[in-house]
Undergrad: 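Below is one structure. I have some questions about it.
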Amino acid sequence: MTFLLDDATARLRPGDRVLVGVAREGAGADTVITGERDIATARARITASLPESRTLTCG
């Protein structure tokens, strides 16, 4: 995937590990998380919410 990001969103370098979020209605990245600790925190929050997401319907 390729995303165009402005400098206000993130300054990335080749090799950076990144977790990217895209809104349901969005056409591009609306969340960019970098850094192992921040990515791990976000990933844990996402993983914890997965069981609840099984009860949702597509909109």
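We use all heavy atoms of the structure for the numbers below, so side chains are in, but hydrogens, waters and symmetry mates are not.
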Undergrad: Find out whether Val20 and Thr31 are in side-chain contact, i.e. whether some heavy atom of one side chain is under 4.5 Å from a heavy atom of the other.
TA: no
Undergrad: Pairs in or reaching into residues 31-43: which pass salt bridge (charged side-chain N to carboxylate O under 4.0 Å, His left out), with residues at least two apart or in two chains?
TA: Arg17-Glu36
Undergrad: Is the backbone N or O of Ala44 less than 3.5 Å from a side-chain atom of Thr47, with the two atoms forming a donor-acceptor pair by type?
TA: no
Undergrad: Kindly write out the residues that satisfy salt bridge (charged side-chain N to carboxylate O under 4.0 Å, His left out) with Arg13, not counting sequence neighbours, or none if the list is empty.
TA: Asp16
Undergrad: My understanding is that a hydrophobic cluster links ILVMFWY residues whose side chain heavy atoms are under 4.5 Å apart, including indirect links. Using that, what else belongs to the cluster containing Ile33?
TA: Leu19, Ile39, Ile46
